[in-house]
Number of protein chains: 2
Amino acid sequence: VGKPGTDVYVVGVGMTRFGIHVDRDVRDLCEEALFEAMQDAGAFPDDMEVGYVGTVGLAWDAPIMAGQIVFEQVGVSGIPITRVENACGSGSNAIREAWLAIRSGEYDVALVCGVETMNRPLQDQIPRFAMFGGGDALMEGTMGLFPPGIFAMVAQQYLNAGWITREDMARIAVKNAHHGSLNPKAHFQRDLTLDQVLSARMVSFPLGLLDCCPMTDGAAAAVLCSQEAVPRFRRHAPVRIRALSQVSGTYCEENPREFVADTVVRAAQQAYRKAGLRPEDIDFVECHDCFTMAEIVHTHDLGFCRREEVGRFIREGHTGLEGRIPFSVSGGLMSKGHPLGATGPGQYHEVVTQLRGEAGRRQVGDARIGLHENGGGFRHGDTGIVCVSILERAD
Amino acid sequence: VGKPGTDVYVVGVGMTRFGIHVDRDVRDLCEEALFEAMQDAGAFPDDMEVGYVGTVGLAWDAPIMAGQIVFEQVGVSGIPITRVENACGSGSNAIREAWLAIRSGEYDVALVCGVETMNRPLQDQIPRFAMFGGGDALMEGTMGLFPPGIFAMVAQQYLNAGWITREDMARIAVKNAHHGSLNPKAHFQRDLTLDQVLSARMVSFPLGLLDCCPMTDGAAAAVLCSQEAVPRFRRHAPVRIRALSQVSGTYCEENPREFVADTVVRAAQQAYRKAGLRPEDIDFVECHDCFTMAEIVHTHDLGFCRREEVGRFIREGHTGLEGRIPFSVSGGLMSKGHPLGATGPGQYHEVVTQLRGEAGRRQVGDARIGLHENGGGFRHGDTGIVCVSILERAD
């Protein structure tokens, strides 16, 4: 087996189309994503030495041991298989566990999958407060502090400070809809106009319906391996995980601070430091744009501009496909969709596809280094989890 | 930070009394166990670099991000915190992730917790089929193949083959009840007679009520660290994790075989090989005795006798406190209790307590090396997960 401390590579990715799949359960969705990822890597079930599945799992069609249940569908059993849950960051957390497992020297090849069904009828039997609580169901959940409300409060703060306008928010929706229109795996494949976004039904002021990501079903998967194992999987250019970080919120109530989490800043700084890179070195970003306002926060938290100038930065088009630092080139959570546990591996799918130069009409020019950011959960106004990875084309 | 490939040590353990705690939620239970573990290690919240929580989490009072929710109770936040779920093996899986994280070289000190509430009124809102399915709710669960039924079938096979008698099964319950009577943290602290066990209400023939573990609430925690960090936590003799293995079932339907999983055998063989030890080197065992029949299977699967002679082996008292290889010295799942996610860390608590020579009236004489086995889940007649660790007193 491998060497402790080895670099880790992504050698295969797969995903279902994200969308509404009321007729498919988690096994069916994962089967497609897992087979695609193994095929993409030129790998076989017997190559897999360790497995991780990320899912919030509120759908009850895979409540316990979801990992073993979905991996068996593609002939992978016997190996250690672990289910990870960490709110909307479950899938990235699963990737991180695989990364740690390979770096420990115990395993050379890992199979990772993220999945969620959000639209299955079975779900109506579940107390949804937990999901809508976005995390701490006993605290914020029962107080009604749901994700749209949280980002609506952040938006109010930014609007009051004059850092952004309402139109800047809508521009994110328009941009990500356009990116989604170029992605055959996206939930929504249609352009939006500023007018459509601004006149959409209100959800939580100032966030309208088109400022929010949809309820999406889907699965995404990846094959990861140690440096030593890379030569076994040369169907595509390997992608190196140059840095990976995970943090949780600090929930420090004594600290006087604004209603903005510092989780993304901390995770990004750790990742940049580990990679020895700066924001200027990044070619594109897949971020956790669960709301237009979320992408705005990430734009400055990931280091691409100062907070006070984020409105102008967006207005000037720097985060568009042809801009200085394209954001959410897959369509993002807003248009590609946000099937909780599948979101992180779905972002990996996009970053790897871009780094291979295989993203078709949404290809970012000369993409060598991509940044991935996936978060989840809320507690006392802070984010529960944020994962950041920096991936690099390695050939 | 640490060195990739480092050995990992247990330097602190803590647990609530296992029992029925309808008035305590997961936060409250974990707070006690986590504080006790940190205090036991002489560690502070700021020492913790990475955290894992294992819980099946069907209780809904910690549905999403359970890790962050319980760790904040003891002032641990900001660091990467991950919830792991793997049926009744969730807690051991959490320990394993911490072990991998330290061995990766990314972290020196990890905090791990396992927890479950099984008796809270809130649970009545939940479709219990998932829990009673013991794993694959869509398959065995809907067919009624619940854990007592599975082990009842195994028992029938052993009885028919003449490998055991009904009394041998009952002897396990009597033995483990006696061990529990000596453990102030056990759910049941009372002796049982053979007659009581044999005449108890039938659950699934031939398993009576006292052949089954109870529904228990509780939490247990541990502080793990790298070899380099051991000198920082010298309140007690450190315990080295000499080997740790995790496997899942193979679910291979083509293979003509008996209705007995090979998961424990495979996990044990891996652990013995990694440790460079044989069963003769082990001083005592904490195993997953969810039913009397389960401990019987583990007795030979872990390599202490041949299957055909397991009845005689038990009859001769070799697995009692004064025997050749004491099993379930804490009282086991049968008497200490089985709060799913807390079970694995609770077993670690016992093994570490024994290796430190602090187990009081249930102390195993000259305990230098202990074996821990924790399993969970069923699929197609195989076990979903089995974890085995071999722990060694390291001073």
Side-chain angles (χ1 to χ4, degrees), chain A residues 3-6 25 27 51 56-58 60-69 71-72 77-87 93 96-97 99-106 125 127 130-131 133-138 245-252 266 376-377 379-380 382 384-385, chain B residues 3-6 25 27 51 56-58 60-69 71-72 77-87 93 96-97 99-106 125 127 130-131 133-138 245-252 266 376-377 379-380 382 384-385:
Chain A
K3 288 190 185 131
T6 177
D25 68 8
R27 297 183 292 196
V56 176
L58 292 172
W60 286 113
D61 56 6
I64 299 186
M65 280 199 319
Q68 289 88 323
I69 289 171
F71 275 44
E72 189 202 2
S77 66
I79 62 171
I81 299 172
T82 298
R83 177 204 160 195
V84 166
E85 180 272 311
N86 217 326
N93 198 159
R96 169 179 171 271
E97 296 308 305
W99 175 79
L100 287 171
I102 292 171
R103 284 174 70 84
S104 78
E106 289 285 314
Q125 300 168 17
M131 195 191 306
D136 192 342
L138 287 192
S245 67
Q246 180 177 321
V247 304
S248 59
T250 46
Y251 322 126
C252 181
R266 285 188 290 117
R379 305 208 63 216
H380 315 343
D382 208 340
I385 171 179
Chain B
K3 291 191 184 128
T6 177
D25 68 9
R27 295 182 296 195
V56 176
L58 291 172
W60 285 112
D61 57 359
I64 299 186
M65 280 199 317
Q68 288 90 322
I69 288 171
F71 275 43
E72 189 202 1
S77 66
I79 63 172
I81 299 171
T82 298
R83 178 203 158 196
V84 165
E85 179 274 311
N86 217 327
N93 198 160
R96 169 178 170 271
E97 295 308 304
W99 175 78
L100 287 172
I102 293 172
R103 285 175 68 85
S104 79
E106 290 284 315
Q125 298 168 19
M131 196 191 305
D136 192 342
L138 288 191
S245 66
Q246 180 178 322
V247 305
S248 59
T250 45
Y251 321 127
C252 181
R266 285 189 289 119
R379 306 207 63 215
H380 316 342
D382 207 339
I385 170 178

Can you name the one residue among B:Asn93, B:Leu100, B:Ile385 that meets side-chain contact (heavy atoms from CB on, under 4.5 Å) with A:Thr82? B:Asn93

Could you state the interatomic distance from OG1 (B:Thr250) to CD (A:Gln68), rounded to the nearest 0.5 Å? 12.0 Å

Of all of A:Gly5, A:Pro4, A:Gly51, which one pairs up most often with chain B through heavy atoms under 4.5 Å apart? A:Pro4

Closest non-hydrogen atom pair between A:Ser77 and B:Gly249, with its separation: CB-O, 3.2 Å

Taking side chain as C-beta onward, heavy atoms only, is B:Met65 less than 4.5 Å from A:Asn86? yes

Got a sec, which residues hit salt bridge (charged side-chain N to carboxylate O under 4.0 Å, His left out) with B:Arg96, two or more places apart in sequence or on another chain? none

Is a donor on one side and an acceptor on the other found under 3.5 Å between the side chain of B:Ser248 and the backbone of A:Pro80? no

